[in-house]
Amino acid sequence: MTTKRQLFKLTLGLAAAACAAAASAADAGPIKIGLILPMTGQSASTGSQIDAAVKLWMAQNGDKIAGRKVEVILKDDGAVPDATKRIAQELVVNDKVTVLAGFGITPTALAAAPIATQSKTPLVVMAAATSSITEASPFIVRTSFTLPQVTIAIADWAAKNKIKSAVTLVSDYGPGFDAEKFFDSQFRLNGGKIVEKLRTPLRSPDFAPVLQKVIDAKPDALFVFLPSGQGATFMKQFAERGLDKSGIRLIATGDVTDDDQLGGMGDVALGVVNSHHYSAAHPSPANKKFVAAFEAANKGMRPNFMAVAGYDGMRVIYKALEATKGEGGQALLDAMKGQVFESPRGPVLIDAQTRDIVQDVYIRKVERVPSMGNQLYNVEFDVIKNVKDPGKSK
Ligand code: PHB
């Protein structure tokens with residue numbers, strides 16, 4: 001239980017941290033980045049992908065800005081929001097971090113938002129993808145994506161490709177609600193029919209009961225969003241129930257055919273059409289360089305969309321710190337807004353108004369790629385340029 005006294009002390013601490021943020025450029029101590037990630041539990045792959053990408057960025061770009069050392073303090077929150085909130089407070093009040101970053105799932109980003117606001121600490125969301133997150137604090141900047149941003153493209157593709165009826169299956173929390181809502185409205189706008197809407201719990205989902213419902217409903221397609229880390233289990237159960245041979249087409253957001261797990265999914269994933277903002281097979285020179293360096297530094301581990309958002313998040317933080325010479329607070333936030341650069345995923349912008357990322361969204365198909373070790377990859381075959389998050393309420 002938090003007592004009134006503890007709350008008072010905390011508010012004082014956060015206010016003091018806000019003053020310290022403004023003064024930090026003057027002192028010669030290290031610039032600290034508090035990186036909060038799920039390094040354990042069912043979202044641990046998100047943590048290890050982002051951690052590896054942050055380390056790669058620093059190996060390539062050094063650990064000095066404006067003559068000061070940059071120090072990343074990595075903390076594991078296990079994707080538990082109460083832990084995230086406590087850790088964020090400690091990082092701000094005790095460690096006096098200049099930036100908070102990471103946040104593997106939506107509830108953890110939302111739990112830390114008030115800390116960013118009260119202490120005026122810029123908070124860079126590198127994973128969580130519910131549209132409304134950036135509205136939870138004026139100090140939040142996002143380098144990942146939003147579900148509405150990537151979902152509309154697959155709804156359009158489906159309607160144009162002889163899919164007339166669909167069942168939706170999403171994870172039962174924020175990003176799932178966004179995916180369900182935006183697939184539903186866009187598909188119906190295109191004349192499609194939603195036959196049934198199914199949801200599975202965020203923690204330890206069992207897909208067998210919902211897959212039976214899909215078989216019974218016999219739609220032309222099943223649209224799926226599940227958070228990174230659940231795709232492989234889902235695909236296994238999809239195949240075990242014979243759905244890959246049922247004539248029901250599987251379409252998804254790229255979270256399901258996640259590069260972290262895709263290599264091990266087997267033939268069941270072949271031909272799955274999905275939409276997303278990053279593929280490890282994106283054929284740009286910048287991405288080829290990124291993938292080669294990431295794999296070399298991580299025993300062959302393939303980077304996924306979480307890794308690229310962590311890498312780009314560091315880019316946004318570094319360029320902003322260089323511009324402010326290490327000063328934090330509002331000045332640092334302002335220096336993050338409006339950044340334009342070429343990411344391994346393609347061209348991106350941090351929208352100055354919404355603090356959310358604007359990026360290209362690709363339609364991809366899972367294929368074996370002979371030139372890439374005959375492994376499964378999401379091969380891009382269409383692109384929608386410069387997509388803003390369509391989910392903002394204003
Ligand atoms: C989220 O919790 O916001 C989230 C996590 C993993 C994803 C997408 C969204 O792949």
Side-chain angles (χ1 to χ4, degrees), residues 36-39 41-51 53 77-81 83-84 101-113 123-137 140-151 153-154 168-183 199-205 223-235 252-262 265 272 274-280 302-310 313 345 356-357 359 361 364 378 389 391:
I36 310 179
L37 291 171
M39 302 306 294
Q42 78 173 25
S43 303
S45 64
T46 294
S48 55
Q49 286 272 352
I50 294 178
D51 178 36
D77 66 359
V80 177
T84 318
F103 308 99
I105 61 168
T106 289
T108 64
L110 293 177
L123 183 161
V124 178
V125 173
M126 296 170 159
T130 301
S131 173
S132 62
I133 288 173
T134 43
E135 294 168 325
S137 166
I140 291 182
V141 167
R142 174 156 43 197
T143 60
S144 53
F145 71 108
T146 79
L147 264 306
Q149 188 177 45
V150 299
T151 298
I154 190 67
T168 60
L169 167 57
V170 302
S171 194
D172 194 6
Y173 76 120
F177 303 155
D178 274 359
E180 182 186 88
K181 180 172 157 200
F182 281 80
F183 186 87
R199 293 177 179 178
T200 43
L202 170 61
R203 314 268 172 202
S204 313
F223 164 75
V224 184
F225 159 76
L226 296 168
S228 184
Q230 296 189 5
T233 311
F234 171 77
M235 293 303 270
T253 65
D255 307 76
V256 178
T257 55
D258 179 354
D259 273 303
D260 187 75
Q261 299 187 326
L262 186 58
M265 282 184 194
V272 174
N274 64 90
S275 57
H276 230 208
H277 54 293
Y278 179 67
S279 166
R302 191 196 292 187
N304 71 354
F305 60 98
M306 297 299 188
V308 88
R345 66 186 103 174
D356 222 331
I357 192 160
Q359 58 193 331
V361 172
R364 311 97 56 88
N378 292 294
D389 173 34

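Small disclaimer: the values here were computed from a predicted structure and weren't measured. Whatever order the structure lists them in is the order used to number ligands and atoms, beginning at 1.
The atoms of ligand 1 that sit less than 4.0 Å from any heavy atom of Met306 are 6 (C), 7 (C), 10 (O). Set against the non-hydrogen atoms of Ser228, the atoms of ligand 1 under 4.0 Å away are 6 (C), 7 (C), 10 (O). Close contacts of ligand 1 with Ile105, meaning ligand atoms under 4.0 Å from a residue heavy atom, involve 1 (C), 2 (O). Per-residue contacts place Phe305 under 4.0 angstrom from the following atoms of ligand 1 (heavy atoms of the residue considered): 10 (O).
Between Gln49 and Asp260 there is a side-chain heavy-atom pair separated by less than 4.5 Å. Contact check for Gln42 versus Gln230: side-chain heavy atoms found under the 4.5 Å cut-off. No side-chain heavy atom of Ile105 sits under 4.5 Å from any side-chain heavy atom of Pro38. Within the 4.5 Å cutoff, no side-chain heavy atoms of Glu180 are placed close to those of Phe225.
Heavy atoms of Phe225 found under 4.0 angstrom from ligand 1 belong exclusively to the side chain. Residue Asp255 touches ligand 1 through its side chain alone, judged by heavy-atom distances below 4.0 Å. Both the backbone and the side chain of Ala128 come within 4.0 Å of ligand 1, counting heavy atoms alone.
Atom 4 (C) of ligand 1 has its closest protein heavy atom at Tyr173 OH, 3.5 Å. Looking at atom 3 (O) of ligand 1, its nearest protein heavy atom turns out to be Thr106 OG1, 2.5 Å.
Ring geometry for Phe305 versus His277: interplanar angle over 60°, hence perpendicular rather than tilted (30 to 60°).
Looking at Ser131 and Asp178, their side chains never bring a donor and an acceptor atom within 3.5 Å of each other. For the residue pair Asp77/Thr84, the side-chain donor-acceptor check at 3.5 Å is satisfied.
Under the 4.0 angstrom criterion for non-hydrogen atoms, Gly104 is in contact with ligand 1.
At least one N/O-N/O distance between Ala129 and ligand 1 falls below 3.5 Å.
Exactly one of Asp258, Asp259, Val256 qualifies for a side chain to side chain contact (heavy atoms under 4.5 Å, CB included) with Ser228. That residue is Asp258.
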